[in-house]
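The structure appears below as structure tokens.
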Amino acid sequence: MNIGKEILFFFGALVAFNGFILSAYFLFFTRKKYLTNLFLGSLLLALSIRITVTVFVYFNNALPKTYLQIGLSSCLLIGPFLYYFLKAGIHSINKIPKTWKYHLMIWFIAIFGIGFLFPYQNYPVLWNDYFVALIFLQWFSYLFISGFESRILLQKMIQHYNNTTPAEKWFGMIFLGNAIIFLFYFLGFARVPFISCVTGCLSFTFILYLAFSILLYRKKTDDLFLLNISKDKKPDPKEASILAEKLEKIMLEKSLYKNPNLSLQDLSNEINISSHQLSQFLNNNLGKNFTSFVNEFRINEACKTIVSNDKLTLESIGYDVGFNSKSTFFAAFKKHTGTTPLNFQIQGFQA
């Protein structure tokens, strides 16, 4: 290599190494464990693997084809990690939903399954003619839905950049940085003149040093991971109706109300919205607080049990439906039905 290529190689390798360090920081060493940290760290890890392979293969074509396979396979994770990073931040999701886990598991199975059955070393034509195209199509698809998910944020950045919060700028820049990386990689694989995959490698610095500069020069970084674009947005009647049906369905199907320790955060995690959004919906759309909402399900279940089963004591029925004390059960029952459990039981037997 000449001196120019040596400098380029050193710079690319340094960027990749820093990417691994920053990835480890977000995954393991941040003071507060936000879900966005997990996906940002995973995103940087996938990008760093892709960049590392690009640098070493670009400057040494004699490397085993397995390196190319690893680099291309890592691209299948960049899109999903970016999408879930944005979605977790925008909707203030703090716990990974099961559907997300299954979704990511499918891609991991695909990476290892295809890699084992059709290794690049033995099937270079299959990879170059078909798999590469599918990988870029998948990457672009996730980039597209990530853009759609963050459309409000991006629109605000374009129209009112000076009024955006640090978190909004942080999330927006990470999305745009990923878009630039994808563009240069795609143009490089498409063999556009004067552009190679190493250009995509160098564009990775856009995200990397943005992250470094913000983390090093900001005394407080927690606000960067607390993005909730829609927290003050009241759902329209159709959305409210869907959310109400979803709430009722999950409460009944899983009998969540029977858990005496059920919290607002637990319920919000079940339906994949923030606790703030759920509280706002209950108050503004249903006209009740969280406790009243849950107690309604408990009292309705208690009424059915009282009428259908005369073997159980009223106190045991209260515990069975989710109340943690007799007094709380009796008070909630009278508030909801206008009578005491005993009177309700007598009236039920007389009827």
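We use all heavy atoms of the structure for the numbers below, so side chains are in, but hydrogens, waters and symmetry mates are not. All residue numbers in this chain count up from 1 along the given sequence. Values in this document were obtained by computation on a predicted structure and should not be read as measured data.
Here OG of S73 is found 10.5 Å from CG of L68. Values are rounded to the nearest 0.5 Å. Going from atom CD1 of I174 over to atom CG of L82 covers 8.5 Å, rounded to the nearest 0.5 Å. The CG atom of L176 lies 6.0 Å from the CG atom of L154; values are rounded to the nearest 0.5 Å. Going from atom CZ of F293 over to atom OG of S279 covers 12.0 Å, rounded to the nearest 0.5 Å. Taking CG of L40 as the reference point, atom CG of L45 lies at 11.0 Å (rounded to 0.5 Å). With values rounded to the nearest 0.5 angstrom, F175 atom CZ is found 11.0 Å from E149 atom CD.
Judged by a 6.0 Å distance limit and a 45° cone about the ring axis, K326 is positioned over the six-membered ring of F330.
Side-chain contact annotation: E296 with N300, donor-acceptor N/O pair under 3.5 Å absent.
Note: the hydrophobic cluster containing F28 also contains F39 (ILVMFWY, side chain heavy atoms under 4.5 Å, direct or indirect links). L76 and I106 are assigned to two separate hydrophobic clusters, defined by single-linkage of ILVMFWY side chains at heavy-atom distances under 4.5 Å. Residues I145 and F186 are members of one and the same hydrophobic cluster, defined by side-chain heavy-atom contacts under 4.5 angstrom among Ile, Leu, Val, Met, Phe, Trp and Tyr. Residue L286 is not grouped with residue I242 when hydrophobic side chains (ILVMFWY) are merged at heavy-atom distances under 4.5 angstrom, including chains of intermediate members.
Of all non-hydrogen atoms in P80 and L104, the two that sit nearest each other are CB-CD2, 3.8 Å. Counting all heavy atoms, side chain and backbone alike, L143 lies closest to A179 at CD2-CA, 3.8 Å. Across all non-hydrogen atoms, the minimal contact from L35 to A88 is CD2-CB, 4.0 Å. Between V321 and E301, the shortest heavy-atom distance links the atoms CG1-CG, 3.6 Å. The two atoms that bring L153 and G172 nearest to each other are CD2-CA, 3.5 Å, heavy atoms only. Pairing each heavy atom of T339 with each of F333, the nearest pair is O-CD2, 3.3 Å.
The closest side-chain heavy-atom distance from Y185 to W139 is below 4.5 Å. At a threshold of 4.5 Å between non-hydrogen side-chain atoms, the residues L134 and Q138 do not count as touching. A heavy-atom distance below 4.5 Å is found between the side chains of L43 and N178. Between F329 and P341 there is a side-chain heavy-atom pair separated by less than 4.5 Å. Contact annotation: the side chain of I78 never approaches that of I181 to less than 4.5 Å [non-hydrogen atoms, C-beta and beyond]. Side-chain contact between L267 and Y257: absent, with no pair of heavy atoms (C-beta onward) separated by less than 4.5 Å. Here the side chains of L262 and F290 are in contact, with some heavy-atom distance below 4.5 Å. Side chains of I299 and C303 form a contact here, defined as non-hydrogen atoms less than 4.5 Å apart.
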Fill in: Trace of the side chain to side chain contact (heavy atoms under 4.5 Å, CB included) decision for L312 with D320
CA-CA 10 Å; L312 298 173; D320 288 344; 4.2 Å; yes
Requested in this report: Starting from the C-alpha separation in whole Å, work towards a yes-or-no answer on side chain to side chain contact (heavy atoms under 4.5 Å, CB included) for L282 and L247.
Outcome: CA-CA 10 Å; L282 293 175; L247 269 172; 4.3 Å; yes
key: CA sep, side-chain torsions, deciding dist, call: S292, N295, side chain to side chain donor-acceptor pair (under 3.5 Å)   = CA-CA 5 Å; S292 297; N295 282 348; over 6 Å; no
Before you tell me yes or no, could you show the steps for M173 and M157 under side chain to side chain contact (heavy atoms under 4.5 Å, CB included), namely the whole-Å CA-CA distance, both residues' side-chain angles and the distance that decides it to 0.1 Å?
CA-CA 10 Å; M173 290 300 181; M157 285 186 64; 4.2 Å; yes
Requested in this report: List the steps and the verdict of side chain to side chain contact (heavy atoms under 4.5 Å, CB included) for V307 and Q345.
Outcome: CA-CA 7 Å; V307 172; Q345 187 181 52; over 6 Å; no
Hey, can you pull the donor-acceptor pairs under 3.5 Å for the side chains in residues 110-121, sequence neighbours left out?
unit_1	atom_1	unit_2	atom_2	d
Y120	OH	N128	OD1	2.5
Q121	OE1	K65	N	3.2

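No more than 12 heavy-atom neighbours from other residues, nucleotides or ligands sit within 6.0 angstrom of OH on Y67. No more than 12 heavy atoms of other residues, nucleotides or ligands lie within 6.0 Å of NZ in K335, so this atom counts as exposed by the packing criterion.
A distance-only check finds a donor-acceptor pair linking the side chain of S268 to the backbone of Q265 [under 3.5 Å]. Looking only at distances, a side-chain donor or acceptor of R151 sits under 3.5 Å from a matching main-chain atom of F148.
Applying the side-chain contact (heavy atoms from CB on, under 4.5 Å) test to L27 and every residue at least two apart in sequence or in another chain returns S23, L38, S42.
Tested against W100, the residues F85, Y84, F81 include a single ring-ring contact (aromatic ring centres under 6.0 Å, His included) partner, Y84. The ring-ring contact (aromatic ring centres under 6.0 Å, His included) with H103 is formed by just one residue from the set F108, Y83, Y142; it is Y142.
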